[in-house]
Structures are given as C-alpha cells and as structure tokens.
Amino acid sequence: MRRRDVILGLGAVATYPLLSARELWAKLTPSETSVLLVVDVQNCFLPGGTLAVPNGDEIIPVINSLGEKFQNVIFTQDWHTQDQVSFASNHPGKEPFETVELSYGTQVLWPDHCVQDTHDARLASGLNIPHAQLIIRKGYHSEIDSYSAFVAADRKTKTGLTGYMRERGLQEVYVCGLATDFCVNWSAMDARQAGMDVWVIEDACRAIDLNGSLDSAWKDMEREGVQRISSADIQ
Ligand code: VGL
Ligand code: ZN
C-alpha cells in the first residue's frame, strides 16, 4: 500500500461513503507468483454453444482486461470424447440435467458438449491474452468427468496442474470463467486443497445455477477460505 493510495482512500471516505473497503484500501496486486486461471471459456459454454451459460459472453472483455494485470495466465479446456460418461446421450432413457450414480458418486448428466477437436470445444475467439502460458485440458477420460482443473471427479485422477504450478512456484490463484457453480467452483476448492491462496473474481464468471448450485457453491468456497472479489479489486 503506497501512501498516495491511503490519502486517496481517505478522500474517498469523505466523498463516497458507499465504496467498499477494498476500493478504499488494499487493492490486490498480482505478483510473479500469482496466476490468472481462466476456466473453460469455450464456444460450448457461450451463447449458441451446446451447454450455453447465460450471458457467458459478457465476461470475455473483463477477462481480457484482467489478463493484462497478470504475468502468468493459464487456460483450462473441457475436452470430452463422444462417449464421455457425463453425456446424457450415453445413458438411454436419461435427459440432460438429470443425475446418475457412478462408481465415484452422483454425476449430473449434460448435453453433449466440448467434444475434442470440434468448433464447440475451441477457446472463445474473443479471448485476447497472447502471453497465456498453458492450456490444460480436462475431462478427456471417457469414464470420469472433471469439473476441476486439478483433479477429476473420482478425486484421484490428476490433470498435472498442481505439479506444474508447484514447479513454477505459482502459489496464488485468481479464478475466473465458466461456470461459477461447476468448473470454477471445483477448481477453486481444489486449489485450496492443494494449499494455494485462492480468489474467485465474481464478475469475471457466470453460472449455470441448477437446483441452487450457485448458492451452495459460494457457501462451500467461502467455508474453504476462497476469497470472493470483483475485477475492480485488482490493480
Ligand atoms: C462445466 C458442466 C460440464 C463447466 C463443464 O465448465 O462448468 N460444466 N462440463
Ligand atoms: Zn464438461
């Protein structure tokens, strides 16, 4: 915190009493050990995609601006085979958004989405973060889904992202992308499990919100010490 910021902050107290504590005080400054984790910003989750998240496209400009504030940026890419166990089409008689019991627990069934090497699975063309360093794919084992960027749904199968981040000394994770209540949530929770400091940038995410999933995702994340912030909290 620089002295100038404090003085500006105090001025703001007098003038704009409704500003949040973060706006008045400590903006977060990403360092060389911080990473922006951009989760599943792919055509399938955008309007017109196979599993469109409402208003998912609105976060792209927010994420592009955030990208300029981070030295380290990692993308994730949901990357399923056509026989992926989480596709309703692979469970005769079942419809998307119903659930099934699998060996690793309850699985939500989804419309076919993000099939490998399709236009639907590509990262959104509006993303503009040329210095992003890694695209980590997940969900490619046909028998196991993976919402998390770190560990698949069986809670055993790893993507390798924890090892990559450890080896590069990346310890602070700022998570954004789609969807808040599924892949963002699970990735943030697993990053905490791996001992990282984790922030979720709410206005750089959009949710599916299935049967209260958004509320329970925020409750779970807050319980695990994931910090809920907005893009304006980062300088
Ligand atoms: C996601 C459902 C299925 C996500 C991925 O990116 O949140 N949700 N596959
Ligand atoms: Zn998926």
Side-chain angles (χ1 to χ4, degrees), residues 36-60 62-63 74-91 94-100 102 104-124 127 135-155 157 159 161 173 175-191 198 200-218 220-221 226:
L36 181 67
L37 183 65
V38 181
V39 175
D40 294 3
V41 182
Q42 295 167 255
N43 293 330
C44 43
F45 300 115
L46 298 178
T50 49
L51 180 44
V53 178
N55 307 311
D57 53 333
E58 292 175 0
I59 65 175
I60 293 173
V62 184
I63 292 174
I74 297 173
F75 291 115
T76 72
Q77 192 171 27
D78 213 30
W79 196 246
H80 298 311
T81 54
Q82 186 58 61
D83 60 350
Q84 160 62 221
V85 70
S86 72
F87 289 179
S89 64
N90 293 320
H91 300 266
K94 290 281 189 181
E95 295 294 327
F97 310 108
E98 293 181 32
T99 58
V100 282
L102 299 179
Y104 57 74
T106 304
Q107 172 69 54
V108 178
L109 295 176
W110 302 105
D112 296 8
H113 66 278
C114 294
V115 172
Q116 294 174 3
D117 215 23
T118 60
H119 172 79
D120 196 56
R122 287 210 187 108
L123 295 183
L127 285 171
I135 300 172
I136 187 117
R137 290 174 169 168
K138 63 183 183 61
Y140 47 75
H141 297 289
S142 57
E143 295 311 314
I144 321 164
D145 199 5
S146 188
Y147 297 146
S148 166
F150 297 92
V151 190
D154 62 355
R155 313 312 293 145
T157 305
T159 64
L161 183 55
V173 197
V175 193
C176 61
L178 303 168
T180 323
D181 41 347
F182 288 93
C183 293
V184 168
N185 171 33
W186 286 58
S187 299
M189 297 285 276
D190 282 348
V198 185
V200 168
I201 310 165
E202 188 169 10
D203 59 320
C205 301
R206 288 294 182 275
I208 295 174
D209 203 9
L210 199 61
N211 306 319
S213 56
L214 182 58
D215 260 5
S216 64
W218 281 119
D220 291 346
M221 290 193 280
V226 172

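First listed ligand is number 1; within each ligand, the first listed atom is number 1. Not measured: the values here are computed from a predicted model.
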Arg155 and Asp190: salt bridge (Lys or Arg N to Asp or Glu O under 4.0 Å), yes or no, with the steps?
CA-CA 10 Å; Arg155 313 312 293 145; Asp190 282 348; 2.4 Å; yes
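- The SG atoms of Cys176 and Cys205 sit 2.5 Å or more apart.
- The proximity of Asp181 to ligand 1, defined as any non-hydrogen pair under 4.0 Å, does not occur for either the backbone or the side chain.
- Nearest N/O/S atom of Asp78 relative to the Zn ion (ligand 2): this is OD2.
- Of the N or O atoms in Phe45, none lie within a sub-3.5 Å distance of an N or O in ligand 1.
- By the 3.5 Å distance cut-off applied to N or O atoms, Leu51 is not counted among the residues near ligand 1.
- For the Zn ion (ligand 2), the N/O/S atoms of His80 include one lying under 2.8 Å.
- Within His113, the N/O/S atom positioned nearest the Zn ion (ligand 2) carries the name NE2.
- Note: an N/O pair closer than 3.5 Å links Cys183 and ligand 1 by distance alone.
- Protein heavy atom nearest atom 3 (C) of ligand 1, with residue, atom name and distance: His113 NE2, 3.4 Å.
- For the atom pair CG of Asp40 and OH of Tyr147, the computed distance is 11.5 Å after rounding to the nearest 0.5 Å.
- Using a cut-off of 2.8 Å, one finds that Asp40 contributes no N/O/S atom close to the Zn ion (ligand 2).
- Counted within 6.0 Å of NE2 on His91, heavy atoms from surrounding residues, nucleotides or ligands total more than 12; the atom is thus considered enclosed.
- Residue Asp78 has at least one N or O atom closer than 3.5 Å to an N or O atom of ligand 1.
- Remark: of the listed residues Thr159, Asp78, Thr76, Asp78 is the sole one forming a side chain to side chain donor-acceptor pair (under 3.5 Å) with Lys138.
- If you check the side chains of Thr118 and Asp120, you find no donor sitting under 3.5 Å from an acceptor.
- Within ligand 1, the atoms closer than 4.0 Å to a non-hydrogen atom of Ala179 are 4 (C), 6 (O), 7 (O), numbered from 1 in the order shown.
- Interface of Asp40 with ligand 1, defined as ligand atoms under 4.0 Å from a residue heavy atom, comprises 4 (C), 6 (O).
- Residue Phe75 is tested with Ile136, Val41, Val38, Val39 for a side chain to side chain contact (heavy atoms under 4.5 Å, CB included); the sole match is Val38.
- Side-chain contact annotation: Asp154 with Thr157, donor-acceptor N/O pair under 3.5 Å present.
- Close approach of ligand 1 to Leu178 is summarised as follows: ligand atoms under 4.0 Å from at least one heavy atom of the residue are 4 (C), 6 (O), 7 (O).
- Taking the side chain as every heavy atom from C-beta outward, His80 and Asp112 never approach each other to under 4.5 Å.
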